[in-house]
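If you scroll down you'll find the structure; I have some questions about it.
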Number of protein chains: 2
Amino acid sequence: MLHDSPPHNHLGVTQIRSSCASCSLRELCLPVGLNDHEIQLLGDIVSQKRKLYRGGYLYRSGLKFQSLFAIRRGFLKTCVLEEDGRQQVTGFHMTGELLGLDAISSEVHTCDAIALEDSEVCEIPFTRLEDISIIIPSLMRHFHKIMSREIVRDQNVMLLLGSMKAEERLASFLLNLSRRFSIRGYSESDFNLRMTREEIGSYLGLKLETVSRAFSKLQDENIISVKNKHILIKDITHLKLKMGNSSCIT
Amino acid sequence: MLHDSPPHNHLGVTQIRSSCASCSLRELCLPVGLNDHEIQLLGDIVSQKRKLYRGGYLYRSGLKFQSLFAIRRGFLKTCVLEEDGRQQVTGFHMTGELLGLDAISSEVHTCDAIALEDSEVCEIPFTRLEDISIIIPSLMRHFHKIMSREIVRDQNVMLLLGSMKAEERLASFLLNLSRRFSIRGYSESDFNLRMTREEIGSYLGLKLETVSRAFSKLQDENIISVKNKHILIKDITHLKLKMGNSSCIT
DNA sequence: CGTTGGGTTGATCCTCTTCAAACAGGGTGG
DNA sequence: CCACCCTGTTTGAAGAGGATCAACCCAACG
C-alpha cells in the first residue's frame with residue numbers, strides 16, 4: 001500500500017544479467033540467498049559492463065556520483081588528490097569488491113579510482129539499487145553490512161597508520177593481501193604485487209625508500225622473498241608475529 | 001567563561017517521543033523531511049533513552065550488536081583495544097552523531113564507546129530501523145548517506161595520519177572540532193576540550209608530549225591560546241594555513 | 001644500444017618518541 | 001584551612017626511526 005515501488009525492469013536488455021549477478025556481484029548477492037526472481041531484478045539493473053586498461057580511470061574526484069562499481073576482474077587503487085597535487089592512496093581493491101561507497105554522502109566522487117591492471121567492472125546505478133533494496137530486504141541488509149565493513153576496514157587502516165612502525169605496517173599489508181588472494185582462490189604465500197613501492201608507501205604513510213628497506217629487512221630475516229613485484233611469503237607465522245608483536249614490545 | 005552553554009534550547013516542549021525524533025535524531029531525520037506519520041513510526045522505535053556518566057561505557061568491544069545510538073547530548077569517544085591492552089582512539093563524537101555503524105557488518109561491536117562527559121543517548125534497534133527503512137525510503141536513503149559520510153570521515157583521518165606532521169594534525173583536529181561546535185551553535189573559536197592530551201595523541205597518532213608541545217608552539221605563535229582544556233582560537237586563518245600549507249611545503 | 005621508470009642502498013638530517021623531572025589543579029581527609 | 005595526594009600537563013635532553021638527498025642498478029622498450 002505504502003510506496004508503490006515499480007519493479008524497474010524497463011532497461012530491457014538483460015542478456016548478461018545472470019553471469020554478472022552471479023560472478024562479479026558476489027559482494028552484493030552471493031551471501032544473500034536470493035531467489036530467481038530477485039536475482040533477475042538485480043541483474044536487470046547491472047546491465048552495464050565496463051572495461052578498463054591499466055592506468056585508466058574508473059571515475060575521478062569531483063564527478064557526479066551515479067553508480068557503484070563491482071569489480072569483475074582486475075585490480076584498482078583509489079586515491080585522493082591533496083591541494084598541492086600529490087596523491088595519497090586510500091585503498092587497493094580486487095575482484096568482487098565494491099567501489100564508490102564514499103561518494104554516496106555528497107553525491108560527488110571524493111577520490112579517483114584507477115586501474116592497476118586491465119580490469120572489468122559492473123556498473124550499478126545507485127538509485128536503482130536503493131529502489132530494489134525496498135523490494136528485496138535481504139539485499140538491503142547485505143548492503144548495509146558491506147558499507148559497515150568498509151568502515152571497519154578504514155578504522156583498521158587508521159590503527160595501522162596511527163600506531164605501527166614501518167616494518168609492522170608492511171607486514172600487516174602483506175598479510176592483508178595474502179588473505180584476500182587466498183579467499184579468491186590464489187596462493188596466500190606466492191603472488192605478484194600490482195602496485196609500485198611508491199603506491200604502497202602512500203597507502204602505508206611511508207616513503208618509497210622506507211618501503212623498500214622494510215622489504216629488504218624482511219627478506220634478510222628470511223621471512224619473505226622479494227623479487228621486484230613478486231612476493232613469496234616463506235614464514236607466515238613469523239610475519240604475523242612481526243605485525244602484532246612490536247606494537248606490544250614498543 | 002560559560003561559552004559552552006547551549007545557545008538555543010528549543011526542545012522540551014514536546015513529549016519524549018517526538019523530542020527524541022526531532023532533537024537527538026537530527027542525524028537521522030532532520031534533513032529527510034518526514035511527514036507526521038513517518039516521524040511517529042520513527043519515534044516509536046526510538047523509545048529507549050539511556051543516560052551515561054563520565055567514564056561510563058555505552059558499549060564494549062565484543063558485545064553483540066543490536067542497536068545504533070544517537071547522541072542526544074554529551075561527548076563520547078570510541079576506541080579499540082589492541083591485543084596488548086593499550087587502546088587507540090578512533091573517534092570523538094558529539095551531539096547529534098550516530099554511533100555503532102562499524103558493528104553492523106559482524107553484528108558484534110568492534111570498539112568501545114565511552115562517555116567523556118555526562119551524556120544521554122537514544123537507542124535505535126537496528127533491525128527495526130531497517131524494517132521501517134522499507135516503509136520510508138527517504139529514511140533509508142538518508143541512512144545510506146550517513147554511513148557513507150562515516151567512510152569519508154575515516155578516509156580523511158587516514159589522510160591526516162598518513163601524510164601530516166604533528167602540528168598540522170593538531171591544527172586539523174582543532175579546526176574539525178571548531179567546525180562541529182559551530183554547527184551546533186557554539187562558538188567556533190572558544191571551547192573546552194573534553195579529552196586529555198593522551199586521548200588526542202592516540203587519535204592523531206602522536207604521543208601526549210608531542211601534542212602538548214604542538215599546543216605550546218601554536219600558542220607561542222599567537223595562533224591559539226591554551227589554558228588546560230580551554231582553547232581560544234585567535235587567528236583561524238593562520239590555523240588553516242598551518243594545516244594545508246606545510247603538507248604542501250614539505 | 002640509450003632511455004626511462006622503478007627499485008635498492010647509503011649517508012645525513014629532522015621529527016617525534018622516550019625518559020625524566022617538575023608543575024598545576026582538583027579532590028580528600030585531617 | 002592546609003597538607004597531601006592523584007591525575008593530567010608542561011618542558012628539557014637524549015635517542016630512534018623515517019625522511020631526504022643522492023648514487024647506482026636493473027629490466028623493459030623504443
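In what follows, chains carry the letters A, B, and so on, assigned in the order in which the sequence lines appear, proteins first and then strands, with residues in each chain numbered from 1.
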Problem set entry | Presence of salt bridge, Lys242(A) and Glu221(A), under 4.0 angstrom |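 Yes, Glu221(A) and Lys242(A) are salt-bridged.
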Problem set entry | Integer-rounded Å distance: dT17(C) P and Leu204(B) CG |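 One finds 11 Å between P of dT17(C) and CG of Leu204(B), rounded.
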For this session: Look only at the side chain of Ser178(B) and the backbone of Ser189(B), and say whether a donor-acceptor pair between them is shorter than 3.5 Å.
Result: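 No.
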Problem set entry | Residues forming a side chain to side chain donor-acceptor pair (under 3.5 Å) with Asp102(A), sequence neighbours excluded |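 With neighbours one apart ignored, the set is Thr110(A).
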Exercise. Can you check the Asn192(B) CG to dG26(C) P distance for me, whole Å?
Worked result: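 These atoms are roughly 12 Å apart.
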Tabulate atom names and distances for all N/O pairs under 3.5 angstrom spanning the protein and nucleotides 19-22 of chain C.
residue : atom : partner   : partner atom : Å
dC19(C) : N4   : Glu209(B) : OE2          : 3.4

For this session: Can you tell me the distance, in whole Å, between the CG atom of Leu193(B) and the P atom of dT10(D)?
Result: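 Spelled out: CG on Leu193(B) to P on dT10(D) is 10 Å.
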Problem set entry | For Glu117(B), the option from Lys229(B), Arg73(B), Arg194(B) that meets salt bridge (charged side-chain N to carboxylate O under 4.0 Å, His left out) |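 By the salt bridge (charged side-chain N to carboxylate O under 4.0 Å, His left out) criterion, Glu117(B) pairs with just one of Lys229(B), Arg73(B), Arg194(B): Arg194(B).
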Exercise. Rounded to the nearest Å, what distance is computed from the NE2 atom of residue His230(A) to the C1' atom of nucleotide dG6(C)?
Worked result: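 These atoms are roughly 18 Å apart.
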For this session: For Phe181(A), check ring-ring contact (aromatic ring centres under 6.0 Å, His included) against everything at least two apart and list the hits.
Result: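 By the ring-ring contact (aromatic ring centres under 6.0 Å, His included) rule, Phe181(A) matches Phe191(A).
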Tabulate atom names and distances for all N/O pairs under 3.5 angstrom spanning the protein and nucleotides 7-9 of chain D.
residue : atom : partner   : partner atom : Å
dT9(D)  : OP1  : Lys229(B) : NZ           : 3.1
dT9(D)  : OP2  : Arg197(B) : N            : 2.8

For this session: Note the angle between the end axes of the helix from dC1(C)-dG30(D) to dG30(C)-dC1(D), five pairs defining each, rounded to 10 degrees.
Result: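 End-to-end axis angle: 30°.
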Every protein N/O lying under 3.5 Å from an N/O of nucleotides 14-16 of chain C:
residue : atom : partner   : partner atom : Å
dC16(C) : OP1  : Ala166(B) : N            : 2.6

For this session: Nearest whole angstrom, please: distance from the P of dT9(C) to the NZ of Lys217(A).
Result: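 In whole Å, dT9(C) P lies 14 Å from Lys217(A) NZ.
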Exercise. Are the charged groups of Glu209(A) and Arg197(A) less than 4.0 angstrom apart, N to O?
Worked result: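 Result for this pair is no, no salt bridge flagged.
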Exercise. Within 45 degrees of the axis of the six-membered ring of Phe75(A) and under 6.0 Å from its centre: does Lys77(A) put its NZ or CZ there?
Worked result: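 Not satisfied by the 6.0 Å and 45° rule.
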Exercise. Going by an N to O cut-off under 4.0 Å, is there a salt bridge joining Lys207(B) and Glu198(B)?
Worked result: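 No.
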For this session: Report the residue from Arg149(A), Arg153(A), Glu150(A), Met147(A) that forms a side chain to side chain contact (heavy atoms under 4.5 Å, CB included) with Ser105(B).
Result: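 For Ser105(B), the side chain to side chain contact (heavy atoms under 4.5 Å, CB included) test succeeds with only one of Arg149(A), Arg153(A), Glu150(A), Met147(A), which is Arg149(A).
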Problem set entry | Intermediate values then yes/no, side-chain contact (heavy atoms from CB on, under 4.5 Å), Met195(B) and Tyr203(B) | CA-CA 10 Å; Met195(B) 68 296 278; Tyr203(B) 180 61; over 6 Å; no
Exercise. Within 45° of the ring axis of Phe215(B) and under 6.0 Å from its six-membered ring centre, is that where the NZ or CZ of Lys217(B) lies?
Worked result: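 No cation-pi geometry.
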Exercise. Nearest-Å distance, NZ (Lys227(A)) to C1' (dC26(D))?
Worked result: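 Spelled out: NZ on Lys227(A) to C1' on dC26(D) is 10 Å.
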Problem set entry | Quiz item: cation-pi between Arg184(A) and Tyr186(A), 6.0 Å / 45° |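 Cation-pi check for Arg184(A) and Tyr186(A): fails.
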For this session: Identify the residue among Leu116(B), Leu58(B), Asp112(B) that makes a side chain to side chain contact (heavy atoms under 4.5 Å, CB included) with Leu76(B).
Result: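 That would be Leu58(B); it is the only one of Leu116(B), Leu58(B), Asp112(B) passing the side chain to side chain contact (heavy atoms under 4.5 Å, CB included) with Leu76(B).
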Exercise. Whole-Å distance between dG18(D) C1' and Leu161(A) CG?
Worked result: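 Rounded to the whole Å, the gap is 14 Å.
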